[in-house]
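Single-structure report; data block below.
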Amino acid sequence: MNSLELSKVYNPKEFEDRIYEFWLKNNYFKPKNIGKAKPFVMVMPPPNVTGILHMGHALNNILPDILIRYYRMKGRAALWVPGTDHAGIATQNVVEKQLKAQNLKKEDLGRDEFVKRTWEVKDKHHEIITRQLKKIGCSCDWDRERFTLDSGLSDAVRETFVTLYEKGLIYKGNYLVNYCPRCSTALSNEEVEYENVNSNLWEINYPLTDGKGFITVATTRPETMFGDVAIAVNPEDERYKHLVGKQVHLPLTDRKIPIIADDFVGVEFGTGMVKVTPAHDFNDWECGKRHNLKPINILNIDGTLNENCPDGYVNLSVTEARTKVVSELEKKGYLSKIVPYNHDVGHCYRCKTIVEPFMSLQWFVKMKPLADKALKAWKEGKIKFYPVKWENTYSSWLENIKDWCISRQLWWGHRIPVWYCEDCKNEMASRTDVTVCSKCGSTHVIQDPDVLDTWFSSWLWPFSILGWPNKTDDLSNFFPTSSLVTGYDIIFFWVSRMIMSSLVFMDKVPFQDVYLTGLVRDKLGRKMAKSLGNGIDPLNVIDIYGADAMKFTLCYMATQGQDILIDMDSFKLGSRFANKIWNAVRFILMNINDEKIHTVGKKDLKTLDKWIYHTFNETVLKVSNAIESYKFSEATQAVYSFFWNDFCDWYLEASKISLNSDSKDERSRIISIFMDLLEKSLRLLHPFMSFLTEELYSKLPNTDSALIIAPYPEYDKKLIFEQEVHQVHQIQEIIKSVRNIRSELNIKISEKIVLYIRLSDENVKKIVSENIDLIKNLTNSESVLFTDSNFIPNTVLCSGLNYDAFIDIKGLLDPLKEISRLEQEIEKNEKSLKQVMDKLNNDKFKLNAKREAIDKEYSKKTEFENLILKSQRLINLLKNSQY
RNA sequence: GGCCAUGUAGCUCAGUGGGAGAGCAUUACCUUCACACGGUAGGGGUCACUGGUUCAAACCCAGUCAUGGUCACCA
């Protein structure tokens with residue numbers, strides 16, 4: 001070890017990669033003392049293998065890393081399991097886009113070849129993502145890494161599907177589902193995002209078949225009229241009662257449809273008449289069921305119109321058909337009017353295409369029984385959300401849950417484990433591949449072509465990742481996990497469903513705590529998106545500022561429930577702090593010569609030493625409490641202010657006297673304390689500044705093992721020194737007020753002053769006299785003397801509660817200026833005094849307020865009165881003296 | 001429309017029933033041998049608005065306004 005090894009400026013590139021290798025090589029990310037120590041387990045929310053990690057990912061992995069490192073140092077068997085998600089639609093889209101660039105469709109390749117290409121995309125992105133996570137410093141156990149489409153998870157998916165199938169909780173049927181025509185697949189309700197769209201309400205006339213005029217209906221989707229099977233009115237609507245039961249001609253076709261009454265129709269809206277299109281609208285679907293109306297499907301699976309539509313419309317897209325229908329209606333006189341209208345339209349969450357309600361044969365999970373379990377577990381307090389407000393979101397979703405459409409008409413994903421016999425039509429759900437029909441013995445069996453929703457594998461993550469459905473050691477050692485950290489945007493997709501699946505298959509909640517991070521946004525509050533070009537690449541931040549700076553900054557800003565607004569400059573916070581730590585260590589190391597480092601006993605601690613130990617100890621308590629209650633910002637603020645403001649600004653500055661002492665013993669004493677404090681501080685800081693602290697730790701002469709596995713500092717009752725803390729505050733107050741006056745009077749640094757201090761309290765006097773050199777140094781005085789006088793000519797006075805300090809500025813005093821300054825002081829203090837007196841003159845205050853509050857007001861009263869008195873006296877003296 | 005947040009310094013945000021805080025930005029002074037990614041000292045706030053509870057409210061309650069999120073929609 002020697003100080004020369006530390007460069008002047010903190011340069012994270014010099015050591016971050018090396019340190020990560022060091023950790024990896026020594027298996028420090030693996031849980032220790034399994035079975036003996038209480039485990040602390042987290043699973044990584046698996047990033048999609050569709051791209052690279054963004055700032056949100058960085059945040060969502062930085063916070064778990066802090067927790068894992070903290071609990072690891074606390075002696076828990078800490079395990080963090082990483083992994084990635086195959087991300088069905090999203091990844092398939094990436095490959096389809098690549099093909100499109102080559103003018104190819106997936107059908108040109110065929111299913112097997114397409115899936116093979118998708119695996120290549122997966123491999124590529126997986127490699128990048130892994131590298132990024134390592135750059136960030138994630139201390140996860142890479143040997144346990146999983147992928148949602150690996151063989152183990154595929155077993156888990158089959159086990160889950162077949163079990164639910166056998167319990168009757170999975171069913172297949174022809175229902176109306178949300179359908180993305182671009183992705184050519186069904187979606188779950190959660191995968192549809194509603195966006196407000198400027199559109200029109202078209203009012204269309206439908207002629208009555210009895211020739212007695214026409215009726216007018218309003219619609220936002222005129223092209224769906226080819227699927228109309230009825231017109232509905234509200235049964236209470238006096239305007240239309242007489243029409244119920246009559247028939248109308250469906251314009252542009254030769255079909256006739258009935259007018260029916262149903263109370264889902266609002267009297268107020270539009271014309272009060274609704275076209276009923278069961279195959280393409282969820283309300284109409286329900287209405288159609290009530291009236292036994294057979295739905296007419298007008299769409300092909302690619303979203304174009306099918307042969308149920310008139311000639312000339314078949315194979316048109318919905319948009320094209322809309323234009324054509326409107327113009328035909330207008331031409332033929334059926335169009336009554338067009339009213340501009342804004343409404344929310346569902347879009348595919350992956351490709352933003354407008355989704356169409358579409359009737360098709362799909363697989364569903366019956367959710368009510370699962371949701372009930374999940375609600376019960378939450379009500380019993382088995383699971384807690386941080387911040388708690390999200391529990392509302394969780395419970396209201398579960399209370400209003402709808403069945404989950406899990407089949408996707410995609411190629412990338414877990415194939416549905418159901419086989420059909422082509423001969424006897426037998427349907428077989430199976431954990432293993434089926435080649436022979438279980439009923440008729442035929443070998444003509446084919447597997448269902450669809451795949452499962454990608455969330456059908458990730459909802460098993462907390463136990464499948466540990467080896468389920470096999471009974472593994474990991475499963476018994478590490479399930480249930482401890483905490484989950486993820487973004488609030490996937491509470492429905494992922495968090496709630498994991499809770500449901502764990503309760504069904506493991507009979508336990510998957511984690512006790514869920515911490516929901518805010519989303520990372522730019523300084524204007526916008527989401528970071530490729531299209532806006534406002535994204536910040538974590539690797540870029542690491543390149544400029546270092547991984548620790550990024551980690552510390554994000555953590556500092558991670559307050560519960562808030563989105564995080566940042567730009568590149570935000571990371572200066574962490575970077576400067578890292579530099580500060582670096583240089584503090586560097587400074588102390590370069591001051592070691594041949595001093596012997598030893599344990600300094602309590603009796604050898606001076607006031608200032610006790611103060612810093614006390615402050616450190618309080619910080620340990622604050623930080624531990626904050627981490628354990630997921631108050632990340634609070635924890636970082638505590639370590640920041642301790643290390644920078646207390647340790648560097650005061651203790652280190654003050655201790656330079658000891659460092660420069662002629663006494664070898666004193667130098668040895670102070671260096672030993674420094675080493676002890678640094679060693680402890682680095683342990684305290686490690687979860688937040690992992691690379692830097694590990695690197696510096698290795699440079700300390702009093703350490704011999706890795707910091708990452710060193711014990712976390714514990715609160716120590718033997719290090720409470722209230723009295724010394726009070727004394728140091730006294731000294732700090734004197735120093736600050738003298739510095740203030742110096743600055744106010746523009747006394748240059750080069751100008752040494754003479755300071756006279758007057759103290760009435762003997763205890764204070766004792767402690768000040770012990771630290772006279774300290775005051776001298778920090779106020780840049782050539783001498784500090786005690787005085788009993790209450791006036792010293794040619795000096796400026798600054799006073800506090802227990803002291804007067806006279807600053808001799810050697811004939812530079814301008815009496816008029818000084819009088820004016822004192823008058824301002826008086827004014828300020830009188831204002832404060834008035835506030836205090838208002839309270840003290842209030843009998844109710846004295847009657848009701850807490851004892852301490854009253855005492856405090858009285859002491860404030862004395863303080864302000866004294867200060868005013870002193871200033872006034874000084875003004876008089878100044879006015880009467882002959883300068 | 002329901003529900004949930006948020007509104008504190010120029011910006012981003014902490015905070016707490018008892019004298020308004022941090023980081024960045026800004027002003028002055030300082031390149032003093034750890035750090036100019038630094039030091040010292042400042043300036044800057046009707047704590048959205050209006051009521052209420054309380055001896056005391058930025059904090060608790062109600063309402064208003066504004067902003068955001070989310071769910072659900074009547075075509």
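Lettering of chains follows the sequences in order, A, B, ..., and the numbering in each one begins at 1.
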Exercise for the section: With the side chain of A:K402 defined as its heavy atoms from C-beta on, choose the nearest nucleotide among B:C73, B:A41, B:A75. Expected result: B:C73
Practice task
Give a yes/no on whether any side-chain N or O of A:N848 is located under 4.0 angstrom from OP1 or OP2 of B:C55.
Solution key: yes
Exercise for the section: Please evaluate the base of B:C24 for a donor-acceptor partner in the side chain of A:K572 within a cut-off of under 3.5 Å? Expected result: no
Exercise for the section: Using only side-chain N and O atoms of A:Y10, determine if any of them is under 4.0 Å from OP1 or OP2 of B:A34. Expected result: no
Practice task
Using a 4.0 Å heavy-atom cut-off across all strands, classify A:D563 as base, sugar-phosphate, or nothing.
Solution key: sugar-phosphate
Exercise for the section: Using whole Å, report how far CG of A:N660 lies from P of B:U32. Expected result: 16 Å
Practice task
Could you tell me whether A:T393 contacts a base, only the sugar-phosphate backbone, or nothing, with contacts defined as non-hydrogen atoms closer than 4.0 Å?
Solution key: nothing
Exercise for the section: State whether A:R576 places a side-chain N or O below 4.0 Å from either non-bridging phosphate oxygen (OP1 or OP2) of B:C24. Expected result: yes
Problem - Contact under 4.0 Å: A:K856 side-chain N or O vs B:G19 OP1/OP2 - result: yes
Exercise for the section: Would you please confirm or rule out a distance under 4.0 Å between OP1 or OP2 of B:A5 and any side-chain N or O of A:Q562? Expected result: no
Practice task
With C1' as the reference atom in both, quote the distance from B:C37 to B:U31 in angstrom, rounded to an integer.
Solution key: 15 Å
Practice task
Using the P atom on both, measure B:U46 against B:G39 and round to a whole Å.
Solution key: 29 Å
Practice task
Write down the partner of B:U31 under the Watson-Crick or G-U wobble criteria, each distance required to be under 3.5 Å.
Solution key: none
Exercise for the section: Scan A:T219 against the nucleic acid and name what it touches under 4.0 Å (heavy atoms): base, sugar-phosphate only, or nothing. Expected result: sugar-phosphate
Handout entry: Rounded distance in Å between the C1' positions of B:G2 and B:G19
Key = 43 Å
Exercise for the section: Record whether the side chain of A:N746 comes under 3.5 Å of the base of B:C29 through a donor-acceptor pair of N or O atoms. Expected result: no
Handout entry: Phosphate OP1/OP2 of B:A14 contacted by A:T559 side-chain N/O (<4.0 Å)
Key = yes
Problem - Phosphate OP1/OP2 of B:G15 contacted by A:K622 side-chain N/O (<4.0 Å) - result: no
Practice task
Ignoring backbone atoms, test whether A:W390 places a side-chain nitrogen or oxygen under 4.0 Å from the OP1 or OP2 oxygen of B:C3.
Solution key: no
Practice task
State whether A:N842 places a side-chain N or O below 4.0 Å from either non-bridging phosphate oxygen (OP1 or OP2) of B:A56.
Solution key: no
